[in-house]
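I have placed the structure first, in the form of structure tokens, so that the comments after it can refer back to it.
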Amino acid sequence: MVPSLDVARLLALPDGYSDREESEAVRLFAEANGAQFQPLVLGQPLPGVVFRDATGAPRPMQGAGRIVRFPGEPEIEIANSAFPYAIELNVMSSAWGYAAVRLSHPAPALLVETGSARAVRLLPATPTAAETLTFENGTQAHVDARAVDWARGILSPDLLALLDDAELPFDLEIVEGWLFLYSPRQLAGGDPRVWRRTLGVVAAVHDAVEAADGARAVASGAPPALPMTDRPWKGGRRKALWVYGSVIAVMAIVGAGVALFAR
């Protein structure tokens, strides 16, 4: 599942490279590895806490940039995603790197917030009706009571340690047949180490979930999605430099075919 990567285009980036140069390097990296590349997609048709609000509706003006889809069984999508929100007339952004994989077997919903990721940024929503399992370093897992044993079978100490890396942490969500990894840091960028780590973690989590086989938990009534509530936005964060700061910025980026996300 983890491809052998050709990272020459990323290593060729000059010192102090610009966002435009980085986007072009990612495009060439995708091409060299037989992957599809899209510079920008607005309004993605994906489930998940980063893409939909607590009602299940798409988050307004949500979009993703530098989308790379690695072919195979399953296909792996890695990109940077963000959406705007307002606090006292200040436009802010919630930006996430993500990896997405379609599961081949039924699985109940699961949301894991690792301690290292939580220390950087909280996910935009949290379950309202679920069992909460607590692990080392403040990591929390939210799952329906009928799927607790299934979740514990997946979340081994080794897997939790793999997710909860201080330099590049991941939250995990399983929802409506999809497996998502979310990072508060940019994933689709110029660092080969990030691509290798992301693909390695995706492979490890995917294999663990597929091996656990959640069909029994689903048959017992564990739902494929948990009821959610959006977290209240708090002030004090930097003002958004994200692509959706204004309609003009959106149109300029669409016209140029380049997605730029705030670091």
Side-chain angles (χ1 to χ4, degrees), residues 1-11 13 19 22-23 25-39 41 44 46-51 63-82 94-103 110-121 123 139 154-156 158-175 178-210 259 261-263:
M1 184 176 174
V2 181
S4 177
L5 295 179
D6 180 344
V7 298
R9 277 70 174 178
L10 304 180
L11 294 175
L13 278 166
D19 285 322
E22 187 177 33
S23 291
V26 171
R27 184 187 71 81
L28 294 173
F29 160 77
E31 184 179 274
N33 288 281
Q36 298 176 355
F37 175 79
Q38 285 183 274
V41 172
Q44 293 170 286
L46 290 173
V49 66
V50 165
F51 311 102
R66 298 179 187 160
I67 301 169
V68 177
R69 295 188 182 96
F70 293 93
E73 194 57 48
E75 181 182 77
I76 304 171
E77 177 174 312
I78 297 175
N80 304 321
S81 177
S94 182
W96 299 86
Y98 75 88
V101 179
R102 186 77 171 169
L103 295 172
L110 172 67
L111 184 67
V112 179
E113 297 182 277
T114 61
S116 295
R118 286 164 59 89
V120 179
R121 186 176 304 118
L123 288 172
T139 293
I154 293 169
L155 301 175
S156 67
D158 287 346
L159 190 70
L160 288 171
L162 189 62
L163 291 168
D164 193 21
D165 178 82
E167 291 190 12
L168 186 61
F170 290 104
D171 292 326
L172 160 66
E173 184 176 27
I174 297 172
V175 58
W178 284 85
L179 165 64
F180 295 104
L181 296 182
Y182 305 123
S183 176
R185 308 191 190 283
Q186 180 172 267
L187 295 182
D191 190 341
R193 296 170 299 177
V194 172
W195 289 100
R196 290 189 177 111
R197 168 162 163 74
T198 301
L199 288 166
V201 176
V202 168
V205 176
H206 175 268
D207 289 350
V209 173
E210 295 284 28
F261 287 78
R263 293 182 181 276

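Note that this is a predicted model, so its numbers are computed, not measured. We use all heavy atoms of the structure for the numbers below, so side chains are in, but hydrogens, waters and symmetry mates are not. Throughout, numbering of the chain's residues begins at 1 and tracks the sequence.
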Show, in sequence, the C-alpha distance, side-chain angles and deciding distance for Phe180 and Val49, and conclude whether the side-chain contact (heavy atoms from CB on, under 4.5 Å) test is met.
CA-CA 10 Å; Phe180 295 104; Val49 66; over 6 Å; no

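The number of heavy-atom neighbours closer than 6.0 Å to CZ of Arg102, taken from other residues, nucleotides and ligands shown, is above 12.
Contact of the Thr139 side chain with the Val112 side chain is registered, since non-hydrogen atoms from C-beta on lie closer than 4.5 Å. Within the 4.5 Å cutoff, the side chain of Tyr98 has heavy atoms near those of the Gln44 side chain. Side-chain contact between Leu179 and Leu172 is present, with heavy atoms from C-beta onward closer than 4.5 Å. Side-chain contact check for Trp195 versus Ile78: some heavy-atom pair is nearer than 4.5 Å. Between Phe170 and Leu162 the shortest side-chain heavy-atom distance does not fall below 4.5 Å.
Of the possible polar contacts, one joining the Asn80 side chain to the Leu187 backbone as a donor-acceptor pair under 3.5 Å is found. Side chain of Ser81 to backbone of Ala64: no donor-acceptor contact under 3.5 angstrom is found. In this structure, the side chain of Asn33 engages the main chain of Asp6 through a donor-acceptor pair within 3.5 Å. Judged purely by atom type and a 3.5 angstrom limit, Arg69 has no side-chain atom pairing as donor or acceptor with the backbone of Ala35. Looking only at distances, a side-chain donor or acceptor of Asp171 sits under 3.5 Å from a matching main-chain atom of Thr114. Side-chain N or O atoms of Arg66 include none that pairs as donor or acceptor with a backbone N or O of Arg27 at under 3.5 Å. When atom types are taken as modelled, the side chain of Ser183 and the backbone of Pro169 share a donor-acceptor pair closer than 3.5 angstrom. Proximity of a side-chain donor or acceptor of Glu173 to a complementary backbone N or O of Leu111 within less than 3.5 Å is not detected.
Checked against the 6.0 Å centroid threshold, Phe29 and Phe37 do not count as a close aromatic pair.
With sequence neighbours left out, the side-chain hydrogen bond (donor to acceptor under 3.5 Å, both in side chains) criterion links Arg185 to no other residue.
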